[in-house]
Asker: 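Would you mind keeping the following structure in view while I ask a few things?
Just so you know, ligand 1 is whichever comes first in the structure, and atom 1 is the first atom listed for that ligand.
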Amino acid sequence: MDFFEPAARLKLIPPYLFKEIDEKKEQVRARGVDIIDLGVGDPDLPTPRFIVEKMRAAVQDPKTHRYPLYSGMSLFREAVARWYQKRFGVELDPVSEVITLIGSKEGIAHLPLGINSPEDLNLVPSPAYPVYQMGTLFAGGHSHFMPLTRENGFLPSLKDIDPLTARDAKAMFFNYPNNPTAAVADKEFFQQVVEFCREHRIIAVHDAAYTELAFDGYKPPSFLEVPGAKDIGIEFHSLSKTYNMTGWRLGMAVGNKDVLAALGKIKSNIDSGAFDAIQIAGVAALDSDQSCVADNCRVIQERRDVLVDGLKKLGYDVDKPKATFYVWMAVPQGMTSMSFAGHVLEQAGIVVIPGIGLGQAGEGYVRMALTVPKERIEEALARLSRI
Ligand SMILES: *Cc1c(COP(=O)(O)O)cnc(C)c1O
């Protein structure tokens, strides 16, 4: 590509750190090794049948074939409001406090275009889902990283944020249950975020993609459950992980109406909303008795137990997560996240994500996704026991 110069902003994208792993994966595969991929955070289980059936009927209806509303169907936004009320006890006005997204990644990536001016500063966790940093960067802003460490329970330490940085910050991204650390946050932490953001006039942006993927009866809270949250913040949610619908692209942002209006203004000029048939299927998902979600959690919980108990038995330093489909494991002494990931790929044909690839503070850890059947996890453990 030398007939044109790509946009300067593309040069600002941090180096892609998984290249080495990707190449090694191809080499190992070429040797004929049956690779066990614990790298991808994409459910292997299908979307529940009743949702697929609803989609099948909706797609037959020509009324769904036209341009959707960029902000989403009222039908879907009302279902989101009902679901938030039922699940979290949070009241939302479906007109002004809910917006449909083409997957939450779309909304997260577009939000900074609506709230950040060039050179603005956003507070972004490290390690983290990369989109907070990328969205900030594409909007011409900068990220100030908040390290998530084992010592602070993988929660940003708000008291350690320099007051001048806090003064300059426009938004703060945070995500619980957390990808990649699988940490959870309680309402007390959310309350601290509200106070911190109110004091420093920061927009709180919570990514709640994993609230429905929890174990042992634990029910992760919504950020909007704490008093004052809606005055200063929004929450992103998604049907992707809850209903195994990653390919469908359906999510929502809820909360502060002015922040949502800014996001909506960007969206109305960029996309034309989510396919109505998908939103109709989404209504069926949100209005259902949620037994499909419980079934899903049972499967993932069993995999979690097999993996974590097995890893512990092999002497690895790892905690059992309360939520998400990730296991965040410290690498053995003397190794880096990259060298350990290379080692298990080379020696055991297992793909794990090196923590450094998700942020500086992810060094020393690897992420494993519980998105393969239990039998494959058992096989992975057997292989690990031999290296
Ligand atoms: C998977 C994931 C999402 C959801 O993305 P969609 O675009 O809704 O599919 C959002 N945030 C985090 C942290 C995730 O891991």
Asker: Going by atom types only, do Asp93 and Ser96 share a side-chain donor-acceptor pair under 3.5 Å?
Answerer: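 Present: a donor and an acceptor within the cut-off.
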Asker: Just need the protein heavy atom nearest to atom 11 (N) of ligand 1, so name the residue and atom and give the distance.
Answerer: Asp207 OD2, 2.6 Å
Asker: Less than 6.0 angstrom separating the ring centers of Tyr210 and Tyr176, yes or no?
Answerer: no
Asker: For the 3.5 Å polar cut-off, considering only N or O atoms, please tell me whether Glu106 and ligand 1 meet it.
Answerer: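 For ligand 1, there is no N or O atom that lies under 3.5 Å from one belonging to Glu106.
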Asker: Does any donor atom in the side chain of Thr136 or Asn122 lie under 3.5 Å from an acceptor atom in the other side chain?
Answerer: yes
Asker: Does some non-hydrogen atom of Tyr210 fall short of 4.0 Å from ligand 1?
Answerer: yes
Asker: Could you tell me whether ligand 1 has any atom less than 4.0 Å away from a heavy atom of Tyr132?
Answerer: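 Under 4.0 Å: yes for Tyr132.
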Asker: Among Thr324, Asp309, Asp216, exactly one meets side-chain hydrogen bond (donor to acceptor under 3.5 Å, both in side chains) together with Arg304. Which residue is that?
Answerer: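 So, applying the side-chain hydrogen bond (donor to acceptor under 3.5 Å, both in side chains) to Arg304 and each of Thr324, Asp309, Asp216, only Asp216 qualifies.
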Asker: Side chain or backbone, does Thr246 bring an N or O within less than 3.5 Å of an N or O on ligand 1?
Answerer: no
Asker: For ligand 1, which atoms have a heavy atom of Ala209 less than 4.0 angstrom away?
Answerer: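 Heavy-atom distances to Ala209 below 4.0 Å select 3 (C), 10 (C), 11 (N).
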Asker: Which heavy atom of the protein is the closest neighbour of atom 9 (O) of ligand 1, given with residue, atom name and distance?
Answerer: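 Of every protein heavy atom, Ser240 OG, 2.5 Å lies nearest to atom 9 (O) of ligand 1.
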Asker: Hey, which atoms in ligand 1 end up nearer than 4.0 Å to a heavy atom of Gly103?
Answerer: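 That gives atoms 7 (O), 8 (O) of ligand 1.
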Asker: Non-hydrogen atoms of Arg249 versus ligand 1: any pair closer than 4.0 Å?
Answerer: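 Arg249 counts as a contact of ligand 1 under the 4.0 Å cut-off.
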Asker: Going by atom types alone, do Tyr132 and Asp207 pair a side-chain donor with an acceptor below 3.5 Å?
Answerer: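 A donor-acceptor contact under 3.5 Å links the two side chains.
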Asker: Taking non-hydrogen atoms only, is Val131 closer than 4.0 angstrom to ligand 1 via side chain, backbone, both or neither?
Answerer: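 None of Val131 does.
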Asker: Show me which atoms of ligand 1 lie under 4.0 Å from any heavy atom of Lys241.
Answerer: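 Within the 4.0 Å cut-off of Lys241, ligand 1 contributes 1 (C), 2 (C), 3 (C), 4 (C), 14 (C), 15 (O).
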Asker: Does ligand 1 have a heavy atom under 4.0 Å from the side chain of Ser104, from its backbone, from both, or from neither?
Answerer: both
Asker: Side chains of Asn296 and Asn244: do they bring a donor and an acceptor to under 3.5 Å?
Answerer: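 Per modelled atom types, Asn296 and Asn244 side chains form a pair under 3.5 Å.
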Asker: Check the side chains of Gln290 and Tyr243 for a donor-acceptor pair under 3.5 angstrom, ignoring hydrogens and angles.
Answerer: yes
Asker: Judged by atom type as modelled, is there a donor-acceptor pair below 3.5 Å linking the side chain of Ser238 to the main-chain atoms of Ala209?
Answerer: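 It does not hold such a pair.
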